[in-house]
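This one's a predicted model, so the numbers in the text were calculated from it and none came from an experiment.
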Amino acid sequence: MRAVNYGLLLLNQYQPIRVSGFVRRIMSGSDYSSGFDQPRLVVKKVLAKPQREGDGAVVRRSIGRSELKNLDPFLMLDEFSVSPPAGFPDHPHRGFETVTYMLQGAFTHQDFAGHKGTIRTGDVQWMTAGRGIIHSEMPADEGTQKGLQLWINLASKDKMIEPKYQELLSEDIKRAEKDGVEVRVIAGESMGVRSPVYTRTPTMYLDFTLKPRAQMHQSISESWNSFVYVIEGEGVFGSASSSPVTAHHVLVLGPGDGLSVWNKSSKPVRFVLIGGQPLNEPVVQYGPFVMNTQKEIDQTFEDYHHCKNGFEMAKFWRSQ
């Protein structure tokens, strides 16, 4: 993982203290300064509206729709809500990574290489599709299963690597809590704790919950693109004078060295803060295939249909 110089700045009215990854203010609720040289502000807000995907599944797509095609290196973000027998039956991927984060319930994953597992509430599966995967993702319990799935692009040099998985159980995800702010560190670093996840495309993925009247100030590498997705509740993002933003909105952040968030409501707010190093490469996408040129997409279709160059096992495999 690429090292990022984070700074935690705990400020009281007399003396600054630096610790890694987070900025928190121990002040009265009327103090809304951020402590950043250039705070990141919200430059775009998109409501993720429900749509049908897979076999009867419902997703709220925020990145990957007409209003926000992509945000280099991020290709798609879905908040999914699935009840049996709906799901995502056998389908292929090439050229990027998928990160599945379960918010409620359980999903079972199996692929044509024999990998099979179930992730439950709070668990994460980080899958590098690389040169090719065919897999299924189906609900493992009765009732509604909810989660987030993020697609992260791979650099051209990594698009044809062998597939790989990293799986984190909920209890193994690093977390920290202080002054009404709780964070689960899925990737990157915050509040002095670092995730063990290796991110081939340098990425930060933080799950924050702020209690009423709490505020947080998270450093972000200035060269990265970043965004927020609000899971529940409402918060004030970027500037203390901005309007509160409610659940199911994605907020694209402008340039700067960190994000400030305030919870001025009477209920907790939960959101993910995600950032990554832009690849600055051409993106040619056709559904689940993401390459750099149309010629590479054409080759991918040929490989998939003829079960070669990474799709050899597709000829005889069907999920159970």
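- For the residue pair P278 and D72, the shortest heavy atom distance occurs at CB-OD2, 3.5 Å.
- The neighbour count for Y286 OH, taken as heavy atoms of other residues, nucleotides or ligands under 6.0 Å away, does not exceed 12.
- Taken from CD in E281 to CG in L154, the straight-line distance is 10.0 Å, to the nearest 0.5 Å.
- In this structure, the ring of H93 has its center less than 6.0 angstrom from the ring center of H135.
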- Stepwise side-chain hydrogen bond (donor to acceptor under 3.5 Å, both in side chains) check, R40 with S226: CA-CA 9 Å; R40 289 194 179 226; S226 60; 2.9 Å; yes

- Task: Report the C-alpha distance between D257 and I220 in whole Å, list the side-chain angles of each, state the deciding distance to 0.1 Å, and finish with yes or no for side-chain contact (heavy atoms from CB on, under 4.5 Å).
- Result: CA-CA 5 Å; D257 56 348; I220 303 170; over 6 Å; no

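- Annotation for P139 and G87: closest pair CD-CA, 4.1 Å, computed over non-hydrogen atoms.
- Using a 4.5 Å heavy-atom cutoff, the side chains of V82 and F88 are in contact.
- Among residue pairs with one or both ends in residues 79-89, those qualifying as side-chain hydrogen bond (donor to acceptor under 3.5 Å, both in side chains) are E79-Y229, E79-H248, S83-T144; sequence neighbours excluded.
- Contact check for D78 versus S62: no side-chain heavy atoms found under the 4.5 Å cut-off.
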- Dump the intermediate steps for side-chain contact (heavy atoms from CB on, under 4.5 Å) on L71 and V252, then the final yes or no. CA-CA 8 Å; L71 182 66; V252 179; 4.0 Å; yes

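- Contact of the M191 side chain with the E177 side chain is not registered, since no non-hydrogen atoms from C-beta on lie closer than 4.5 Å.
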- Message: What verdict does the salt bridge (charged side-chain N to carboxylate O under 4.0 Å, His left out) test give for D141 and R120, after you've listed the backbone C-alpha separation in whole Å, the side-chain angles of each residue and the deciding distance to 0.1 Å?
- Response: CA-CA 10 Å; D141 292 337; R120 303 186 181 278; 3.5 Å; yes

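- The shortest distance between side-chain heavy atoms of F237 and V230 falls below 4.5 Å.
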- Task: Show your reasoning for whether side-chain contact (heavy atoms from CB on, under 4.5 Å) applies to K116 and H109.
- Result: CA-CA 6 Å; K116 183 176 182 179; H109 164 276; over 6 Å; no

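- K146 places none of its side-chain heavy atoms less than 4.5 Å from the side chain of M102.
- Atom-to-atom distance recorded for T201:OG1 and E97:CD is 5.5 Å, nearest 0.5 angstrom.
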- Query: Run the side-chain hydrogen bond (donor to acceptor under 3.5 Å, both in side chains) check on D90 and S319 step by step: do they pass?
  - Reply: CA-CA 7 Å; D90 303 1; S319 61; 2.4 Å; yes

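- Other members of the hydrophobic cluster containing F96, listed by chain and number, are L75, M76, W151, V283, V290; membership follows side-chain contacts under 4.5 Å among ILVMFWY residues, whether direct or relayed.
- For the pair K264 (side chain) and A214 (backbone), a donor-acceptor distance under 3.5 Å is absent.
- You'll find the side chain of Q215 reaches within 4.5 Å of the side chain of H217, heavy atoms only.
- The neighbour count for E142 CD, taken as heavy atoms of other residues, nucleotides or ligands under 6.0 Å away, does not exceed 12.
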- Message: Between E137 and Q149, does the side-chain hydrogen bond (donor to acceptor under 3.5 Å, both in side chains) criterion hold? Intermediate values first, please.
- Response: CA-CA 11 Å; E137 301 159 290; Q149 185 168 98; 2.9 Å; yes

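- Between F289 and E296, the closest side-chain pair of non-hydrogen atoms is not below 4.5 Å.
- Contact check for F107 versus T100: no side-chain heavy atoms found under the 4.5 Å cut-off.
- Looking only at distances, no side-chain donor or acceptor of D303 sits under 3.5 Å from a matching main-chain atom of C307.
- No close placement of the F316 and F112 rings is indicated, their centers lying 6.0 Å or farther apart.
- A distance-only check finds a donor-acceptor pair linking the side chain of D111 to the backbone of G114 [under 3.5 Å].
- Contact between K159 and N153 at its shortest, heavy atoms only, is NZ-OD1, 2.7 Å.
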- Task: In sequence, state the C-alpha distance, the side-chain angles, and the governing distance for R61 and E53, and then conclude on salt bridge (charged side-chain N to carboxylate O under 4.0 Å, His left out).
- Result: CA-CA 10 Å; R61 181 160 298 164; E53 287 291 332; 3.5 Å; yes

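- At distances below 3.5 Å, at least one donor-acceptor pair connects side-chain atoms of T121 with backbone N or O atoms of G105.
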- Please lay out, stage by stage, how V272 and L206 fare under the test side-chain contact (heavy atoms from CB on, under 4.5 Å). CA-CA 5 Å; V272 291; L206 307 174; over 6 Å; no

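- For the pair H249 (side chain) and T246 (backbone), a donor-acceptor distance under 3.5 Å is present.
- Atom NZ of K49 has 12 or fewer neighbouring heavy atoms from other residues, nucleotides or ligands inside a 6.0 Å radius.
- Summarising the geometry, atom CZ belonging to F80 is positioned 8.5 Å from atom CD belonging to Q145; distances are rounded to the nearest 0.5 Å.
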